[in-house]
S.K.: 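I have a structure I would like to understand better, so I am pasting it below and will then ask my questions one at a time.
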Amino acid sequence: MGVFLRGVLMGAADIVPGVSGGTMAFITGIYDRLLSSIRAFDLQFLRWLSRGNVRRAWEHVDGAFLLTLGAGIATSILSLARMIAWLLDAYPVPLWAFFFGLILASALVLLRQVPHWTAARCACLVAGLVIAAAIALSPVVALPAGLPAVFIAGFIAICAMILPGISGSFILILLGMYATVLHAVRSLELSVMLVFAVGAALGLMCFSRVLHWLLRRYHAATMALLTGFLFGSLLVVWPWKHPLDWVLGSDGVPRPAQQVPVLPWNFANEPWLATCLVLMIVGFALVWLIERRWGGR
């Protein structure tokens, strides 16, 4: 049941452009196990399947864990997608305030997990912060139309999706592919969906191995880097922003693509200011409750 609930949290996070499901996996203590399971789809897995030994292949990839986690993610997306999409349209600032508190607490939780801070680990933390901040403030770079661009978008977006603090859907916005992919899913354009899925699968197989190797060989430094990603991503979910660039949404409505964070008092007349501060505290407290319940495992 605990793995299923973790999947629900990951699915809810993945729905929102700017919030990463990898963040939820990280703070609930299943990040290493998730990477190991993905990495297990290797030649040995294919050998077991080719010999008809489905049970050994299933155990090799920790199939029960992946199935339960996937069920939680799917349940969350199917049940919460409409509600979160509505909240993003109707009450975007309070929703971003909630996620800001959630991610800030996540970053502080992870900060405690890096032992013996050294100059190298501090440098990794700063590097992660700078990279995530640069991504958050980047303008849209529209890829050329066509299936090769869809493949590249899938490859890059899935790599970002499993990184704490970097949202795959936000990367799609920066690549100018968010509307294209959403339209393909809603219109069931199978060729686009298939090419995107192939790119995502290849990216996941490659990047999960790189991350797994880094966590095994340089665990503390990698944790510091990922924590920096989380701190840098706070710029993405900062509730009060001024739009500089716009992108056409899947529904044909222009939406802000590049935004600059501004101070809350620039929105002094905003009726949701007090509500946003409360929601920040609620998000912050929620992460600490999750960490106390599951983080030690």
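Computed from a predicted structure; not experimentally measured. We number each residue from 1, following the sequence as shown.
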S.K.: What verdict does the side-chain contact (heavy atoms from CB on, under 4.5 Å) test give for His219 and Asp32, after you've listed the backbone C-alpha separation in whole Å, the side-chain angles of each residue and the deciding distance to 0.1 Å?
M.R.: CA-CA 11 Å; His219 187 271; Asp32 285 352; 4.2 Å; yes
S.K.: What's the shortest heavy-atom distance between Ser76 and Gly7, and which atoms?
M.R.: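 Taking Ser76 first and Gly7 second, the nearest heavy atoms are CB-O, 4.5 Å.
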S.K.: Give a yes or no on whether the backbone of Arg39 and the side-chain of Arg209 come within a donor-acceptor separation of less than 3.5 Å.
M.R.: yes
S.K.: How many angstroms lie between atom CG of Leu9 and atom CD1 of Ile30, to the nearest 0.5 angstrom?
M.R.: 9.0 Å
S.K.: Of all heavy-atom pairs between Cys124 and Ala221, which one has the smallest distance, and what is that distance?
M.R.: CB-O, 3.6 Å
S.K.: Is there a side-chain contact (heavy atoms from CB on, under 4.5 Å) between Thr275 and Tyr91? Walk through the geometry before answering.
M.R.: CA-CA 11 Å; Thr275 303; Tyr91 306 104; over 6 Å; no
S.K.: Is the ring pair Trp213/Tyr218 parallel, tilted or perpendicular, if the boundaries are 30 and 60 degrees?
M.R.: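 Perpendicular.
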S.K.: Are any side-chain N or O atoms of Ser37 and backbone N or O atoms of Leu66, one a donor and one an acceptor, separated by less than 3.5 Å?
M.R.: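 Answer holds: no.
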S.K.: Answer whether the closest heavy-atom distance between the side chains of Phe207 and Ile156 falls below 4.5 Å.
M.R.: no
S.K.: Nearest 0.5 Å, what's the CG-CZ distance between Leu226 and Phe231?
M.R.: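 So the CG of Leu226 and the CZ of Phe231 are separated by 12.5 Å.
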S.K.: Grab the two heavy atoms, one from Ala97 and one from Cys276, that are nearest each other, plus how far apart they are.
M.R.: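 Looks like CB-O, 3.4 Å.
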S.K.: How close do Ala132 and Gly228 get, heavy atom to heavy atom, and via which atoms?
M.R.: CB-O, 4.5 Å
S.K.: Say whether Val126 and Val114 are linked into one hydrophobic cluster, either directly or through other cluster members, by side-chain heavy-atom distances under 4.5 angstrom.
M.R.: no
S.K.: Would a single hydrophobic cluster contain both Phe41 and Val210, if residues Ile, Leu, Val, Met, Phe, Trp and Tyr are joined by side-chain heavy-atom contacts under 4.5 Å?
M.R.: no
S.K.: Taking all non-hydrogen atoms of both residues, which atom of Ala25 and which atom of Leu34 are closest, and how far apart?
M.R.: CB-CD2, 4.3 Å
S.K.: My understanding is that only one of Trp96, Phe98, Phe100 makes a side-chain contact (heavy atoms from CB on, under 4.5 Å) with Met280; could you say which?
M.R.: Phe100
S.K.: Evaluate the side-chain proximity of Val192 to Leu147: yes if any heavy-atom separation is below 4.5 Å, no if none is.
M.R.: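 Sidechains of Val192 and Leu147: in contact.
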S.K.: Starting at CD1 of Ile38, measure out to CG of Asp62 and round the result to the nearest 0.5 Å.
M.R.: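 With rounding to 0.5 Å, CD1 (Ile38) is 11.0 Å from CG (Asp62).
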S.K.: Calculate, to the nearest 0.5 Å, the distance between atoms CD1 and OG belonging to Ile158 and Ser208 respectively.
M.R.: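 Between Ile158 CD1 and Ser208 OG, I get 10.0 Å after rounding to 0.5 Å.
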S.K.: Can you hop from Leu286 to Met10 via hydrophobic side chains spaced under 4.5 Å?
M.R.: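 Result: yes, single cluster for both.
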S.K.: Taking the six-membered ring of Trp58 as reference, does the NZ or CZ atom of Arg56 fall below 6.0 Å from its centre and within a 45° cone about the axis?
M.R.: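 Not flagged: Arg56 not positioned over aromatic ring of Trp58.
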S.K.: Mind checking what makes salt bridge (charged side-chain N to carboxylate O under 4.0 Å, His left out) contact with Asp42, not counting sequence neighbours?
M.R.: none
S.K.: Find out if a path of hydrophobic residues (ILVMFWY) with successive side-chain heavy-atom gaps under 4.5 Å connects Val61 to Val54.
M.R.: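 Hydrophobic grouping puts Val61 apart from Val54.
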S.K.: For Met223, does its backbone N or O pair with a side-chain atom of Thr227 as donor and acceptor, under 3.5 Å?
M.R.: yes
S.K.: May I have the step-by-step check of side-chain contact (heavy atoms from CB on, under 4.5 Å) for Arg47 and Leu49, ending in yes or no?
M.R.: CA-CA 5 Å; Arg47 291 192 191 100; Leu49 283 183; over 6 Å; no
S.K.: Measuring from Tyr31:OH to Ser36:OG, what's the distance to the nearest 0.5 Å?
M.R.: 11.0 Å
S.K.: Can you get from Ile281 to Leu277 by hopping between Ile, Leu, Val, Met, Phe, Trp and Tyr side chains that sit under 4.5 Å apart?
M.R.: no
S.K.: Is it true that a side-chain atom of Arg121 and a backbone atom of Ala220 form a donor plus acceptor pair closer than 3.5 Å?
M.R.: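 Checked: no pair found.
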S.K.: Provide the closest heavy-atom pair for Phe229 versus Gly128 in the form atom of the first, atom of the second, distance.
M.R.: CD2-O, 3.2 Å
S.K.: Rounded to the nearest 0.5 Å, what separates atom OG1 in Thr68 from atom CD1 in Ile73?
M.R.: 11.0 Å
